[in-house]
Protein chains: 2
Amino acid sequence: MSDKTTIRRLPDRAVADTDQIFSILDAGFLCHVAYLRDGRPVVIPTLYARDGERILLHGSNSSGFVRAAREGSPFSVGVTHVDAIVAARSGLHSSANYRSVVIHGHGSILEGAEKAKALDLIVDWMIPGRVADIRRPTEPEVKQTSVVALDLVEVSAKARTGGPKDDPEDLGSDTWAGLIPIEQTRGEPIAAEDLDPGIPVPDYLNNP
Amino acid sequence: MSDKTTIRRLPDRAVADTDQIFSILDAGFLCHVAYLRDGRPVVIPTLYARDGERILLHGSNSSGFVRAAREGSPFSVGVTHVDAIVAARSGLHSSANYRSVVIHGHGSILEGAEKAKALDLIVDWMIPGRVADIRRPTEPEVKQTSVVALDLVEVSAKARTGGPKDDPEDLGSDTWAGLIPIEQTRGEPIAAEDLDPGIPVPDYLNNP
């Protein structure tokens, strides 16, 4: 992936950079978390939410990345959106348009009211408006789940945009060149088999 | 191969065999690679292709994961497809339907004819049929790029399918429950600004 712009956010960096990092994070909900297990890296996919200047990850108390956070493992978290395949006239310049953020740091385990609030935030991150519509979590349910917070301090963002950047000598080629857009969309909601058919799809899903 | 494949099994998340691991890998082209840098995990997004019983990753010679492969770092590679958001009647059972593969191992650097063939495979993985249509790589171009191969030996796969699995006591709720499908699609090809308008979109893009 060439022709990248790279933004690195360290404490006190410019707001514009931060806005770009936030907008990449705000466009997604799936991340890949890398942590150490016996000195080796382990990567796993998990869901996240952004909560101001940090991201929140949740998992069962026994999941590997939660235990790693408890043990003080360093973390590296990646979030990537692919926007297009870049079809250039040579293999070298063939690429992908994408936006990605990588966060480094140590996770902290949230507890008490902060944890309960974080669990709500994660539900509403996936489906804005959902928390107000579902049953409140019980105390045992909250205890089953752990929430790991990672501060957005050591963060880098990269993006590639635009068409292929071919070598001048390749422009006379009769090979087609351009972009194949990649789109991720939400489809029409599908009711659960055990849903009372009289219950309509809520507005927050019909008009998100 | 299946006797060497580790499948992590969870109540409704077991993926049965190697074919299923291959089919998850074959449905994508973006992975997140975790490697060690100064004893800490680093995760980065990159493109991959499956080549039989291994995956191929490519990057510039100076990219972090290529250097890590040269230095013998252990790798962990994740590939994930999200198929739906699972909207349950409680936060605890709210989830996502997904298919994911995680590969552990050490990367080996490909050279010579094997590397040249791998670069072609990667181009055709993104756009089947593309290699036959583009300029052949020059020797300096091949030298600029590194290809890292990772054997599909220590691999785990997880998947969640189906609707929400709510607690029996929540089924009387008047809350809507179900799935919000997530779809990733390829859009209509967009010609490069410098493309001769007389060059049509090739068949392998129109009818992939």
Side-chain angles (χ1 to χ4, degrees), chain A residues 30 32 34-36 40-45 47 74 76-78 80 82 85 87 89-92 94 96 98 100 102 119 123 126-127 130 133-135 137 141 144 163-164 170-171 173-187 189-195 199 201-202 205, chain B residues 30 32 34-36 40-45 47 74 76-78 80 82 85 87 89-92 94 96 98 100 102 119 123 126-127 130 133-135 137 141 144 163-164 170-171 173-187 189-195 199 201-202 205:
Chain A
L30 175 76
H32 282 80
Y35 59 93
L36 290 184
R40 296 165 66 107
V42 176
V43 70
I44 59 136
L47 304 175
S76 180
V77 178
T80 306
V82 177
I85 296 169
R89 296 159 180 93
S90 64
L92 184 72
S94 298
Y98 68 100
S100 75
V102 174
L119 288 170
V123 170
M126 300 296 291
I127 306 175
R130 184 71 180 161
D133 201 16
I134 61 173
R135 173 174 62 71
E141 284 178 339
Q144 276 180 55
D170 289 333
L171 295 181
S173 150
D174 59 1
T175 297
W176 187 90
L179 297 176
I180 298 102
I182 303 284
E183 285 150 18
Q184 193 180 64
T185 53
R186 296 191 177 198
I190 299 167
E193 286 176 16
D194 55 16
L195 187 72
I199 299 177
V201 175
L205 281 176
Chain B
L30 175 76
H32 283 79
Y35 58 94
L36 290 184
R40 296 164 66 108
V42 176
V43 69
I44 60 134
L47 304 175
S76 180
V77 178
T80 306
V82 178
I85 297 169
R89 296 158 179 95
S90 64
L92 184 72
S94 298
Y98 67 99
S100 75
V102 174
L119 289 170
V123 170
M126 301 296 292
I127 306 176
R130 184 71 180 161
D133 201 17
I134 60 173
R135 173 173 64 69
E141 284 178 339
Q144 275 180 54
D170 289 333
L171 295 181
S173 150
D174 60 0
T175 298
W176 187 90
L179 298 176
I180 298 103
I182 303 286
E183 285 150 19
Q184 193 180 63
T185 54
R186 295 190 178 199
I190 299 167
E193 286 176 15
D194 56 16
L195 186 72
I199 299 177
V201 175
L205 281 175

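First the proteins, then the strands, lettered A, B, ... as listed; each starts at 1.
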Can you check whether [X] reaches [Y] side chain to side chain, under 4.5 Å on heavy atoms?
X	Y	result
B:Leu36	A:Leu36	yes
B:Arg135	A:Leu92	no
A:His32	B:Val77	no

**Message:** A:Thr175: which residues meet the side chain to side chain donor-acceptor pair (under 3.5 Å) condition with it, sequence neighbours left out?
**Reply:** A:Ser173
Option that, when pairs with chain A are counted at under 4.5 Å, heavy atom only, ranks first among [options]:
options	result
B:Pro41, B:Pro74, B:Gly91	B:Pro41
B:Ile85, B:Val82, B:Thr185, B:Asp133	B:Thr185
B:Val123, B:Leu171, B:Asp170, B:Ile44	B:Asp170

**Asked** Using non-hydrogen atoms only, which part of A:Pro189 is less than 4.5 Å away from chain B: side chain, backbone, both, or neither?
**Response**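 Answer is both: backbone and side chain atoms of A:Pro189 are under 4.5 Å from chain B.
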**Request:** Compare every heavy atom of A:Arg89 with every heavy atom of B:Ile134, then report the nearest pair and how far apart it is.
**Result:** CB-O, 3.4 Å
**Prompt:** Which atom names give the shortest non-hydrogen contact between B:Trp176 and A:Leu195, and what distance separates them?
**Reply:**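 So the minimum-distance heavy-atom pair works out to CD1-CD2, 3.4 Å.
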**Prompt:** What distance do A:Ile180 atom CD1 and B:Ile190 atom CD1 have between them, rounded to the nearest 0.5 Å?
**Reply:**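 Rounded to the nearest 0.5 Å, the CD1-CD1 separation comes out at 9.5 Å.
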**Request:** To the nearest 0.5 Å, tell me how far B:Ser90 OG sits from A:Glu141 CD.
**Result:** 5.0 Å
**Message:** List the residues meeting salt bridge (Lys or Arg N to Asp or Glu O under 4.0 Å) with A:Glu183, not counting sequence neighbours, and say none if there are none.
**Reply:**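 None.
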**Item:** When A:Val102, A:Val201, A:Leu119, A:Leu47 are compared by non-hydrogen pairs under 4.5 Å with chain B, the top option
**Value:**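 Among the listed options, the one with the most contacts to chain B is A:Val201.
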**Item:** Pairs of heavy atoms under 4.5 Å with chain B: top-ranked of A:Gly78, A:Pro137, A:Ser100, A:Pro164
**Value:**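 Going by pairs under 4.5 Å, I would pick A:Gly78.
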**Complete:** Okay, B:Arg130 and chain A: the region with an atom under 4.5 Å from a heavy atom over there is side chain
